[in-house]
Amino acid sequence: MTKNKTINSTNNERDTAMFLHLSTFCGFIFPVIGLIVPIIIWFMKKEESEYINIQGKILFNSWITYTILFIISAVLMIVLIGFLTFAVV
């Protein structure tokens, strides 16, 4: 069993992590930028801050999860069950 480790972060690190998460919303206007901007921010700052590194990993983990769920839902649409699951994804 692992213990949760508390990471002390500065306001600047928290602001950068917030921008990292919020920059994904650029994808609603410019789809490619919604992927590229968070990747660039994470690669530039992950060596400087453990907090930003962890937040970047959380962000990309959620992207991978949503992508897998979207693919499963798209495949299930062939048998018409996916239309119910697509609303959840």
Side-chain angles (χ1 to χ4, degrees):
M1 183 186 319
T2 61
K3 293 184 179 180
N4 290 339
K5 185 170 95 172
T6 303
I7 298 174
N8 295 328
S9 59
T10 64
N11 284 336
N12 189 24
E13 290 174 334
R14 287 192 296 268
D15 290 344
T16 304
M18 178 186 66
F19 185 69
L20 179 72
H21 286 281
L22 291 178
S23 63
T24 59
F25 290 118
C26 293
F28 290 123
I29 300 170
F30 306 106
V32 176
I33 292 176
L35 294 172
I36 293 174
V37 170
I39 291 171
I40 291 172
I41 293 171
W42 182 49
F43 278 131
M44 287 175 40
K45 299 288 186 173
K46 73 179 182 177
E47 299 297 325
E48 297 175 18
S49 169
E50 183 181 357
Y51 182 76
I52 294 173
N53 189 23
I54 290 171
Q55 292 299 314
K57 289 177 183 178
I58 290 171
L59 177 67
F60 290 111
N61 185 19
S62 65
W63 279 359
I64 292 168
T65 302
Y66 291 139
T67 302
I68 291 170
L69 292 175
F70 179 77
I71 291 169
I72 291 171
S73 180
V75 169
L76 288 175
M77 282 185 190
I78 295 171
V79 292
L80 299 176
I81 297 172
F83 290 106
L84 299 174
T85 61
F86 187 71
V88 176
V89 175

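Predicted model, so just to flag it, every value in this text is computed and none were measured.
Looking at heavy atoms from C-beta onward, Asp15 lies out of side-chain contact with Phe19 at the 4.5 angstrom threshold.
In this structure, the separation between OG1 on Thr24 and CD1 on Ile33 is 13.0 Å, given to the nearest 0.5 Å. Atoms CE and CD1, on Met18 and Ile52 in that order, are 11.5 Å from each other to the nearest 0.5 Å. Note: Leu20 CG to Asn53 CG = 10.5 Å, rounded to the nearest 0.5 Å.
The hydrophobic cluster containing Ile41 also contains Phe43, counting ILVMFWY residues as joined when their side-chain heavy atoms lie under 4.5 angstrom apart, directly or transitively. Phe25 and Leu35 fall into different hydrophobic clusters, where Ile, Leu, Val, Met, Phe, Trp and Tyr are joined by side-chain heavy atoms under 4.5 Å apart, directly or via other members. Taken together through direct or relayed side-chain contacts under 4.5 Å among Ile, Leu, Val, Met, Phe, Trp and Tyr, Ile64 and Ile72 form part of one hydrophobic cluster.
Distance alone, capped at 3.5 Å, places no donor-acceptor pair between the Glu48 side chain and the Lys45 backbone.
Closest approach of Glu13 and Ser49 over heavy atoms only: OE2-OG, 2.9 Å.
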Would you sort out whether Gln55 and Trp42 count as a side-chain contact (heavy atoms from CB on, under 4.5 Å), showing the intermediate values? CA-CA 9 Å; Gln55 292 299 314; Trp42 182 49; over 6 Å; no
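Of the residues Ile58, Leu59, Thr65, the one that meets the side-chain contact (heavy atoms from CB on, under 4.5 Å) test with Asn61 is Thr65.
If you look at Trp63 and Phe60, their ring centroids are closer than 6.0 Å.
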